[in-house]
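Worksheet for the structure shown next.
Sequence lines set the chain letters: A, B, ... in the order given, protein chains first and strands last, and positions in each chain run from 1.
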Amino acid sequence: MVDPAEARRIQVRLCTAVSLMDDFGVLRQVAGVDVGFEEGGAITRAAVVVLQWPSLVLVEQILARRPTQFPYVPGLLSFRELPAVLDAFERLSRYPDLVFCDGQGVAHPRGLGIAAHLGVLTGLPCIGVGKSRLVGTHAEVANERGASTPLYLGDARIGCVLRSRKGVRPLFISPGHRVSQETAPRLVMQALTRFRLPEPIRAAHRLASAPAIARAAARMSGR
DNA sequence: GCGACAG
DNA sequence: ATCTTGTCGC
């Protein structure tokens, strides 16, 4: 199995394949990706949902489960979560035109967050939607829906910090693959309804964290 | 050597 | 991420 040192070498090599140019046609179906765990982390659950665009109507959902084989190491998240995500992608009846992935895109120490890694491996346009910061510096973000400020790593712009709705913690948006810095936050805004997270990510999260619901139901019915 | 650190 | 009830705030 790949160890952390080897994983970092793979990232340095693969990051050269990332494209930060808009390169996709008319969007008809978009996917949302998120991962959860069972058995105290022993089992990885990857959820991939497909929504019609721009209606955001759910049209397909796939859940893949497999033994976890890599620990959580900041900066190496994709090596822990992508195996299960790729299992789920193989079962899709049709590939989406764009993917929203929970986690960073190129806003990563070596430019290959999980959304960028997924984009390079599948070849699909991908956008990283992080709920918190991994790397980079930025100015304060106005407390208004749609407000944003660029995220930098040294001189390079690696993404943006976006307030998806007033009064919530901002999202860390960065291109994953075949999407530009300007377009990524625009598409995220178009995928929002009334919640902090864009709909594709919310739908994937509901499916990936289903165990929590099962446990809640068990507790209510009789422990 | 001392923090920071996606999910 | 996950373990977990009620509770503070808009």
What is the distance from [atom1] of [X] to [atom2] of [N], rounded to the nearest Å?
X: A/Glu81; N: B/dA6; atom1: CD; atom2: P; value: 12 Å
X: A/Ile158; N: B/dC5; atom1: CD1; atom2: P; value: 13 Å
X: A/Ile173; N: B/dA6; atom1: CD1; atom2: C1'; value: 12 Å
X: A/Lys131; N: C/dT2; atom1: NZ; atom2: P; value: 10 Å
X: A/Leu171; N: B/dG7; atom1: CG; atom2: P; value: 10 Å
X: A/Leu76; N: B/dG7; atom1: CG; atom2: C1'; value: 12 Å
X: A/Phe172; N: B/dC5; atom1: CZ; atom2: C1'; value: 13 Å
X: A/Arg110; N: B/dA6; atom1: CZ; atom2: C1'; value: 12 Å

* Side chain of A/Arg133 (C-beta onward), nearest among C/dA1, B/dC5, B/dA6 ->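 From the listed options, B/dC5 comes nearest.
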
Which is true for [X] with a 4.0 Å heavy-atom rule: it touches a base, it touches only sugar-phosphate, or it touches nothing?
X: A/Gly75; answer: base
X: A/Leu82; answer: nothing
X: A/His117; answer: nothing
X: A/Gly113; answer: base

* Just by distance, with hydrogens left out, do A/Glu81 and A/Thr44 show a side-chain donor and acceptor under 3.5 Å apart? ->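 No, no side-chain donor-acceptor pair sits under 3.5 Å.
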
* Would you indicate, yes or no, if C/dT2 has its OP1 or OP2 atom less than 4.0 angstrom from a side-chain nitrogen or oxygen of A/Ser209? =>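 No, because none of the side-chain N or O atoms of A/Ser209 sits under 4.0 Å from OP1 or OP2 of C/dT2.
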
* Is any side-chain nitrogen or oxygen of A/His205 closer than 4.0 Å to OP1 or OP2 of B/dG7? ->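 Checking B/dG7 against A/His205, no side-chain N or O comes under 4.0 Å of OP1 or OP2.
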
* Asked: Where is the tightest heavy-atom contact between A/Ala17 and A/Val120, given as atom of each residue plus distance?
  ->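 Minimum heavy-atom separation between A/Ala17 and A/Val120: CB-CG1, 3.9 Å.
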
* **Side-chain (A/Arg8) to main-chain (A/Asp3) donor-acceptor, under 3.5 angstrom** =>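 Checking the backbone N and O of A/Asp3 against the side chain of A/Arg8, no donor-acceptor pair under 3.5 Å is found.
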
* Could you label the plane-to-plane angle of the A/Phe100 and A/Trp53 rings as parallel, tilted or perpendicular, counting under 30° as parallel and over 60° as perpendicular? =>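 If you compare the ring of A/Phe100 with that of A/Trp53, the planes turn out parallel.
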
* Identify whether a stacking contact exists between A/Tyr72 and C/dA1, where the ring centres must be under 5.5 Å apart and the planes under 30° apart. =>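 Taking the rule of under 5.5 Å and under 30°, the ring of A/Tyr72 does not stack on C/dA1.
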
* **Pairing of A/Asp22 and A/Arg178 as salt bridge, 4.0 angstrom limit** =>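 No salt bridge links A/Asp22 with A/Arg178.
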
